[in-house]
Amino acid sequence: MQRTRIKDMLAGETGGTVLLKGWVRTKREAKGFSFLEINDGSCLANVQVVADHTPELLPAMEQVNTGAAVAVEGELVPSPAAGQKWEVRAARLVVYGQADPETFALQKKRHSDEFLRTIAHLRPRTNKYGAMLRVRSEMARAVHEFFQARGFFNVHAPILTGSDCEGAGEMFRVSNLEAEKAARLEPAARAEAEFFGRPAGLTVSGQLEAELMALALGDVYTFGPTFRAENSNTPKHAAEFWMVEPEMAFADLADDMDLAEALVKHLARHALERCEADLALFGAFVDKTLLPTLTNIFAQPFARLTHAEAIRELKASGKSFEFPVHEASDLQTEHERYLCEERFGRPVIVYDYPKEIKAFYMRLNDDGKTVAAMDLLVPRIGELCGGSQREERLDVLTRRMAEVGLPEEPYWWYLDTRRYGSAPHAGFGMGFERLLMLVTGIANIRDVIPFPRTPGHLEF
RNA sequence: UCCCCGGUAGCUCAAUCGGCAGAGCGGGUGGCUGUUAACCACUAGGUUCGCGGUUCAAGUCCGUGCCGGGGAGCCA
């Protein structure tokens with residue numbers, strides 16, 4: 001007999017014989033029978049099993065505790081008691097794996113996020129993390145749906161890279177050499193001994209490669225892991241995270257902002273429509289304002305203002321910020337939060353930043369002072385997307401590289417795209433975990449990825 | 001990396017001025033009950049993060065290290 005997932009079982013209108021397999025959340029003993037709450041991960045809801053203490057069922061039932069993996073065969077019938085529509089009257093009970101109640105870490109009570117991080121191998125079996133993982137999967141699907149419906153191609157950027165200075169952050173070194181042997185070699189000899197014959201690292205961004213693909217396929221996006229060796233210890237940074245990076249040929253900054261806004265709106269709406277039960281859990285126990293916040297995201301256009309206008313808004317606010325507001329500086333976290341949480345009460349896109357505080361590949365505006373960059377800021381989290389129109393003019397690009405002290409040689413292939421058939425193009429990066437923080441209300445990036453990698457943490 | 005706060009039972013926390021180490025939940029045993037964060041009674045459970053110091057006496061004070069959280073920077 002085929003097992004029935006709880007999600008399908010509870011959605012059905014008729015009962016009948018079912019085979020149910022899952023993990024016991026709680027066991028309640030009564031006189032002559034027991035109640036089991038079973039969860040199989042297919043949805044947030046458990047199904048209640050009623051098992052009489054018959055000679056066939058009792059021996060197995062005595063082995064069952066919270067956490068055990070079981071199979072139950074029985075009749076799905078309307079429940080006579082309040083609390084659930086259906087329940088299963090057990091005819092057969094098989095225990096696949098027991099869970100010793102003396103040592104099993106997950107209890108029926110609520111656990112702190114900090115504790116659950118120390119048992120990341122077991123936390124998917126809790127309501128909150130099960131819900132997060134289902135939403136995560138659904139959001140990944142929605143990202144692909146969004147782009148593919150718009151004619152974007154999914155391209156796979158390399159994870160191993162030889163580009164030493166992509167500019168987005170500190171890179172992890174990758175080597176197959178034994179550490180002791182490598183340490184004894186001179187730099188040149190060491191590079192030669194490396195697997196790739198040169199220093200290698202893990203990618204900090206697929207953007208440059210995505211640009212190459214966009215200048216051939218038109219509209220593309222990458223969706224893959226990204227690595228930053230920054231010693232960042234904050235609720236919104238991880239050393240390994242997943243990033244969505246669309247890149248569009250024949251597009252300018254306005255197109256870029258339109259795409260980012262449409263993407264975030266689509267994902268917020270999709271979460272509300274397709275993850276209703278799981279989001280209700282987050283709305284009830286994680287962030288009471290979650291559902292209004294998400295609705296508000298697609299209810300109205302995002303605010304858009306230039307960096308200079310943002311500075312004026314901040315100065316006119318009359319607020320005393322810890323960090324002074326200055327025309328030549330990037331916005332501080334407190335500034336970002338003021339703009340989207342207080343001043344506008346919705347997501348905000350800030351664009352046209354001073355060139356000094358942005359990367360070399362961003363397109364120089366006609367004023368010669370600003371670049372066509374944009375940051376999409378959302379309440380609570382701050383920067384969700386960061387992007388720009390790319391500098392497509394070879395002479396301007398090489399001049400900018402010289403200004404910031406970047407050698408041209410390692411970027412010969414990048415510059416080649418500006419020599420041959422260069423075209424205006426634009427794109428951005430969206431941190432997938434930050435999106436999940438927005439959509440679930442979960443406050444720490446370590447809790448929206450199954451096994452978070454942060455400084456000093458490589459367990460699991 | 002910098003600033004602030006914290007580390008006590010399996011978990012969440014309390015312990016007054018430096019003076020006998022506590023509670024709830026969870027576990028075990030028994031009872032009761034179509035129960036549903038079940039309930040009632042009893043019970044076991046401690047290197048108070050490590051090291052060093054002050055003191056008659058340290059969970060508590062001092063120094064130091066490790067770990068965790070929050071804020072900042074870096075950014076997605």
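Per chain, numbering begins at 1; letters A, B, ... match sequence-line order.
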I want to confirm an ordering. Mapping A/Leu331 and A/Met430 to their closest nucleotides on RNA chain B, which one lands closer to the 5' end?
A/Leu331
Write down the distance separating the C1' atoms in B/C20 and B/U48, rounded off to the nearest Å.
15 Å
Would you mind classifying the nucleic acid contact of A/Ala238 as base, sugar-phosphate or nothing, using non-hydrogen atoms under 4.0 angstrom?
base
What is the separation between atom CZ on A/Phe115 and atom C1' on B/G10, rounded to the nearest whole Å?
7 Å
Expressed in angstrom and rounded to an integer, what is the separation of A/Asn233 atom CG from B/U1 atom C1'?
10 Å
Using a 4.0 Å heavy-atom cut-off across all strands, classify A/Pro80 as base, sugar-phosphate, or nothing.
base
Tell me if the side-chain of A/His111 makes a donor-acceptor pair with the base of B/C11, cut-off 3.5 Å, by modelled atom types.
no
Tell me which nucleotide, if any, is Watson-Crick or G-U wobble paired with B/U47 when both distances must be under 3.5 Å.
none
Between B/A58 and B/G52, how many Å separate the two P atoms, rounded to a whole number?
14 Å
Report yes or no: is there a donor-acceptor pair, N or O only, under 3.5 Å between the side chain of A/Ser232 and the base of B/C75?
no
Can you check the A/Asn46 CG to B/U35 C1' distance for me, whole Å?
14 Å
Contact class for A/Glu87 vs. all strands (heavy atom < 4.0 Å): base, sugar-phosphate, or nothing?
base
Counting heavy atoms from C-beta on, name the nucleotide in B/G70, B/C32, B/G27 closest to the side chain of A/Arg446.
B/G70
Does A/Arg136 pair with A/Glu433 as a salt bridge, N-O distance under 4.0 Å?
yes
For B/A15, the Watson-Crick or wobble partner whose two distances fall under 3.5 Å:
none
Base, sugar-phosphate or nothing for A/Ser112? Non-hydrogen atoms, less than 4.0 Å.
sugar-phosphate
Under a 3.5 Å cut-off for both contacts, is B/A72 paired Watson-Crick or G-U wobble with anything, and if yes, with which nucleotide?
B/U1
Just checking A/Glu29: base, sugar-phosphate only, or nothing, at a heavy-atom cut-off of under 4.0 Å?
base
Out of B/A72, B/A76, B/G34, which has the shortest distance to the side chain of A/Met243?
B/A76
With a non-hydrogen cut-off below 4.0 angstrom, is A/Leu435 in contact with a base, only sugar-phosphate, or nothing?
nothing
Where the side chain of A/Pro235 is defined as all heavy atoms beyond and including C-beta, which of B/G27, B/G70, B/A76 is the nearest nucleotide?
B/G70
Now, which nucleotide makes the Watson-Crick or G-U wobble pair with B/C42, with each of the two distances under 3.5 Å?
B/G28
Look at A/Glu13 together with A/Lys85 and state whether they make a salt bridge at an N to O cut-off of under 4.0 Å.
yes
B/A44 and B/A9: how far apart are their C1' atoms, nearest whole angstrom?
11 Å
A/Asn231 vs A/Gln84, nearer the 5' end of RNA chain B by closest nucleotide
A/Asn231
Counting any heavy atom closer than 4.0 Å, what does A/Arg89 reach on the DNA or RNA strands: base, sugar-phosphate only, or nothing?
base
Under a 3.5 Å cut-off for both distances, is B/C61 Watson-Crick or wobble paired, and to whom?
B/G53
Taking any heavy-atom pair under 4.0 Å as a contact, classify A/Glu114: base, sugar-phosphate, or nothing.
sugar-phosphate
Of the listed nucleotides B/C74, B/A76, B/G34, the one nearest the side chain of A/Gln48:
B/G34
What distance, rounded to whole Å, do you find between the two P atoms, one in B/G18 and one in B/G63?
16 Å
Please measure how far the C1' atom in B/C49 lies from the corresponding atom in B/U55, and state the result in whole Å.
23 Å
Under the criterion of centre distance below 5.5 Å and interplanar angle below 30°, is A/Phe241 classified as stacked on the base of B/A76?
yes
Given atom CE of A/Met437 and atom P of B/A76, what is their separation to the nearest angstrom?
15 Å
In terms of side-chain geometry, is the basic nitrogen of A/Glu73 or A/Arg92 positioned less than 4.0 Å from the acidic oxygen of its partner?
yes
Name the nucleic acid region contacted by A/Glu245, choosing base, sugar-phosphate or nothing; use a 4.0 angstrom heavy-atom cut-off, strictly under.
nothing
Name the closest nucleotide to the A/Arg117 side chain, picking from B/G28, B/G69, B/U35.
B/G69
note: A/Leu106, atom CG; B/C11, atom P; distance rounded to Å ~ 12 Å
Between B/G70 (P) and A/Glu334 (CD): distance, integer Å:
19 Å
Taking CZ from A/Arg110 and C1' from B/G26, how many angstroms apart are they, rounded to a whole number?
15 Å
Which whole-number value in Å describes the distance from A/Gln107 CD to B/A9 C1'?
12 Å
Is A/Arg304 close enough and on-axis enough to A/Phe302, meaning under 6.0 Å and within 45°, for cation-pi?
no
A/Asp252 and A/Arg363 ion-paired at < 4.0 Å
no
So that I can tick it off, tell me whether A/Glu138 and A/Arg141 are bridged by a salt bridge, with the cut-off set at under 4.0 angstrom between side-chain N and carboxylate O.
yes
Shortest non-hydrogen contact between A/Arg400 and A/Lys355, atoms and distance:
NH2-O, 3.4 Å
Under a 4.0 Å threshold between the charged nitrogen and the carboxylate oxygen, would A/Asp40 count as salt-bridged to A/Lys21?
no
Look at the side chain of A/Ser79 and decide which nucleotide, out of B/C75, B/U35, B/C74, has an atom nearest to it.
B/U35
Phosphate OP1/OP2 of B/A38: any A/Arg28 side-chain N/O under 4.0 Å
yes
